[in-house]
Amino acid sequence: MAYRREEILKYILESWATEENPWHTTSELLDWVEQTRRETAVSIRKIPYSYDGFWHYDQEALGIVNDRRSFFSIRGIRQKDDSGTIEQPIIVQDGIGYLGILAKIIDGRMYFLMQTKIEPGNINWCQISPTIQATRSNFTRMHGGSEPVFYPLFASRKNCITIADQIQSEQSSRFLGKRNRNLILLTDDEIEVSPTHRWMTLGQLKKLMQYDNIVNMDTRSVISCIPFPLSDLSPAGQEEVRGLFHEEAFYRSFLDRSSGDTIKKLFGYMNDIKMQGNYERQLIDLYSLNDWKFENDSFCSDQGNFRIVFCDIEIEGREVRCWQQPLLEAAGKSEFGLPVCIFPDGIMRFLIHAKREVGCFDRVELAPGIQKEPKNQKITNAVDRLFFGKLEKNRDIRFRGLFSEEGGRFYQEENWNTIIEFRHGEIPELPEGYFWADFRTLNTLTLFNNVLNIQLRNLISVLSL
């Protein structure tokens with residue numbers, strides 16, 4: 001297999017620009033998801049907490065674990081810094097999982113192999129997932145189940161071209177340093193496609209993201225990691241792909257020559273946070289957390305953005321069919337918003353900010369301009385006022401949809417994801433820690449581990465040509 005980088009980039013962009021698929025229309029893919037949902041036996045029910053069940057509070061671990069001490073645990077965490085003290089439960093899950101998508105060029109077009117996967121916490125059970133979605137306990141078969149399909153290919157990467165390979169974080173308000181390996185592999189091998197998988201274009205995936213709760217979080221994360229080095233194309237190559245873009249400002253956002261200066265500024269700001277000020281974080285006894293207690297078979301707090309519930313789960317076709325586990329249930333819907341602005345120089349830029357969260361692998365990550373959890377939606381600055389003002393008036397909204405969060409650990413959590421346009425000059429001066437960044441900057445930063453948080457990557461994945 002011999003493809004030049006320039007060829008691969010053109011194939012990806014052309015796949016992004018089309019929904020044409022000789023095997024499955026986008027409407028048929030939606031029907032496929034719905035059919036899988038109807039035909040798969042699923043039972044998820046909340047159950048009372050058992051002090052001596054398979055999942056239970058353990059005196060030695062000082063948290064909720066299972067009898068095998070595998071998969072994950074839920075502990076207490078306390079963080080102290082110059083802004084105050086945070087105490088809450090947090091998921092501790094060692095090991096890096098695989099989120100992998102297989103790509104193939106068929107009859108001159110690039111397709112991506114996706115699967116319908118049912119997760120216990122999904123609000124609608126079934127969503128479109130990466131080719132492989134496996135925790136460390138899955139691919140080491142710690143649970144005694146079968147080996148995940150396509151795992152050997154992603155583990156060896158033989159006869160493949162690696163399009164993307166990055167270790168990225170999950171929700172840092174819920175997980176302690178949890179990360180996954182996001183991979184996209186291009187293969188020429190013949191692939192046996194089972195009924196659980198379908199080939200689709202990137203344009204179809206983008207279209208499916210416009211429907212609530214159809215494309216899962218892990219797919220969105222992997223798609224956000226696709227590199228788009230348009231500056232590597234020859235002038236003729238740049239002109240050739242230019243016609244695929246519907247907005248000149250977005251095309252120019254891929255090529256902005258000032259992105260290097262923005263990256264230096266962002267790293268400088270984040271590195272100052274990592275080095276300066278008082279900071280202490282430690283795992284503590286779950287039962288010692290201030291204001292957290294068991295109530296009505298859940299572990300909760302009046303101030304918490306989530307609570308811990310316990311579920312009995314049965315899903316047909318899984319490596320393990322029946323099990324019980326705790327899940328985190330959100331107190332409501334969060335609001336994640338990415339303001340976009342076309343500057344006088346004709347370049348589209350996106351508003352982001354440096355956000356510290358209790359579970360951040362390295363203390364701080366870059367987040368969308370708006371990231372508000374259910375019990376923390378106060379208007380605190382000019383960005384909030386402008387964003388929520390436009391939202392209330394239904395003005396300048398480019399995209400708004402409900403996305404499910406991680407269905408393996410969260411119970412039916414869905415959050416609003418919005419891309420909204422700001423006019424240049426509507427915010428004369430940005431608040432501390434906020435920055436405008438073009439697409440080239442954000443795309444380059446996905447090449448680094450633990451820089452863009454999952455909420456920002458989700459919103460990047462929605463962007464369309």
Side-chain angles (χ1 to χ4, degrees), residues 29 32-33 36-37 40 42 44 70-72 91 93-103 112-143 145-157 160 163-171 174-175 178-185 187 191 193-200 205 208-209 213-226 313 315-321 323 325 327 403-411 413 454 457-458 461:
L29 291 172
W32 170 55
V33 175
T36 304
R37 184 180 299 127
T40 307
V42 178
I44 316 289
S70 59
F71 307 115
F72 65 95
I91 299 172
Q93 184 171 336
D94 296 329
I96 294 172
Y98 274 107
L99 304 179
I101 295 178
L102 197 61
F112 299 83
L113 187 62
M114 312 303 296
Q115 68 166 312
T116 48
K117 188 173 180 64
I118 292 178
E119 295 284 359
N122 285 346
I123 195 165
N124 53 358
W125 310 139
C126 177
Q127 297 182 15
I128 292 175
S129 308
T131 312
I132 182 174
Q133 181 179 317
T135 65
R136 182 172 179 80
S137 62
N138 291 145
F139 62 77
T140 59
R141 302 172 68 179
M142 186 178 297
H143 47 54
S146 57
E147 183 178 80
V149 179
F150 297 111
Y151 168 69
L153 192 154
F154 281 91
S156 69
R157 301 181 299 287
C160 294
I163 293 175
D165 186 358
Q166 289 303 320
I167 293 175
Q168 301 287 4
S169 61
E170 290 198 36
Q171 290 85 350
R174 306 284 200 275
F175 290 100
K178 175 72 170 67
R179 303 185 296 167
N180 288 308
R181 188 173 183 178
N182 291 238
L183 274 164
I184 302 177
L185 300 181
T187 182
I191 301 297
V193 179
S194 70
T196 59
H197 288 70
R198 294 282 189 277
W199 291 107
M200 59 190 75
L205 265 175
L208 291 166
M209 289 181 195
N213 301 314
I214 291 294
V215 177
N216 82 350
M217 183 200 80
D218 297 312
T219 297
R220 300 191 302 266
S221 178
V222 179
I223 290 300
S224 74
C225 294
I226 297 175
I313 299 160
I315 300 177
E316 181 184 1
R318 293 278 296 227
E319 293 92 346
V320 175
R321 182 184 177 114
W323 72 97
Q325 71 171 83
L327 292 169
F403 285 166
S404 290
E405 299 303 326
E406 213 281 336
R409 300 291 177 263
F410 305 151
Y411 182 81
E413 180 171 353
I454 183 63
R457 298 198 314 277
N458 276 194
S461 74

Enter the distance from Ile226:CD1 to Ile184:CD1 here, rounded to the nearest 0.5 Å.
4.0 Å
Side-chain heavy atoms of Thr135 within contact of Phe72, under 4.5 Å
no
How far does CG of Leu208 sit from CD of Gln127, to the nearest 0.5 angstrom?
11.5 Å
Smallest heavy-atom separation, Gly407 atom then Asn122 atom, equals CA-OD1, 3.4 Å
Sidechain N-carboxylate O distance under 4.0 Å for Arg174, Glu413
yes
Mind checking ring pair (Phe, Tyr, Trp, His ring centres under 6.0 Å) for Tyr151 and listing every partner two or more places apart, or none if nothing turns up?
Tyr98, Phe139
Counting only N and O atoms by type, is there a donor-acceptor contact under 3.5 Å from the side chain of Arg457 to the main-chain atoms of Cys225?
no
Is any side-chain heavy atom of Gln115 closer than 4.5 Å to a side-chain heavy atom of Phe150?
no
Might you work through the side chain to side chain contact (heavy atoms under 4.5 Å, CB included) test for Lys178 and Ile91, ending with a clear yes or no?
CA-CA 8 Å; Lys178 175 72 170 67; Ile91 299 172; over 6 Å; no
Any donor-acceptor N or O pair under 3.5 Å, side chains Gln133, Asp218
yes
Indicate whether the side chain of Glu405 and that of Gln171 have a donor and an acceptor atom separated by less than 3.5 Å.
yes
Rounded distance [0.5 Å steps], CG in Leu99 versus CD in Gln166
13.0 Å
With heavy-atom distances below 4.5 Å as the criterion, would you say the side chains of Leu183 and Arg157 are in contact?
yes
Does any N or O in the side chain of Trp125 come within less than 3.5 Å of the main-chain N or O of Thr36, such that one atom is a donor and the other an acceptor?
no
OG1 (Thr40) and NZ (Lys117) are apart, to the nearest 0.5 Å, by 11.5 Å
Taking every non-hydrogen atom, the tightest pair across Cys126 and Thr116
SG-CB, 3.6 Å
Hey, are the side chains of Cys160 and Leu153 touching, using non-hydrogen atoms and a 4.5 Å cut-off?
yes
Under a 3.5 Å distance rule, please check whether Glu119 uses its side chain to pair with a backbone N or O of Gly121 as donor and acceptor.
no
Atom of Val215, atom of Arg220 and distance for their closest heavy-atom approach:
O-NH1, 2.7 Å
Of all the heavy-atom pairs spanning Ser461 and Ile223, show the shortest one and how long it is.
CB-CG2, 4.3 Å
Under 3.5 Å, is there a donor-acceptor pair between the side chain of Asn182 and the main chain of Asn180?
yes
Sorted by chain and number, sequence neighbours left out, ring pair (Phe, Tyr, Trp, His ring centres under 6.0 Å) with Phe410 holds for Phe175
Start with the C-alpha gap between Arg37 and Asn124, add the side-chain angles, then the distance that decides, and say whether side chain to side chain contact (heavy atoms under 4.5 Å, CB included) holds.
CA-CA 8 Å; Arg37 184 180 299 127; Asn124 53 358; 3.2 Å; yes
Is a donor from one side chain sitting under 3.5 angstrom from an acceptor on the other, for Ser404 and Asn213?
yes
Check the side chains of Gln93 and Glu170 for a donor-acceptor pair under 3.5 angstrom, ignoring hydrogens and angles.
no
Separation between CD1 of Ile118 and CD1 of Ile315, rounded to the nearest 0.5 Å
6.5 Å
What are the two closest heavy atoms between Met114 and Pro130, and how far apart are they?
CE-CA, 3.8 Å
State, without any angle test, whether Thr219 and Asn216 hold a side-chain donor-acceptor pair at a distance under 3.5 Å.
yes
Taking C-beta and beyond as the side chain, do Gln168 and Ile454 meet within less than 4.5 Å on heavy atoms?
no
Between Phe154 and Leu102 the two heavy atoms that sit nearest each other are CZ-N, 3.8 Å
How long is the straight-line distance from CD1 of Ile191 back to CG of Leu113, given to the nearest 0.5 Å?
7.5 Å
If we ignore hydrogens and angles and just use 3.5 Å, is the side chain of Gln325 paired with the main-chain N or O of Ile313 as donor and acceptor?
no
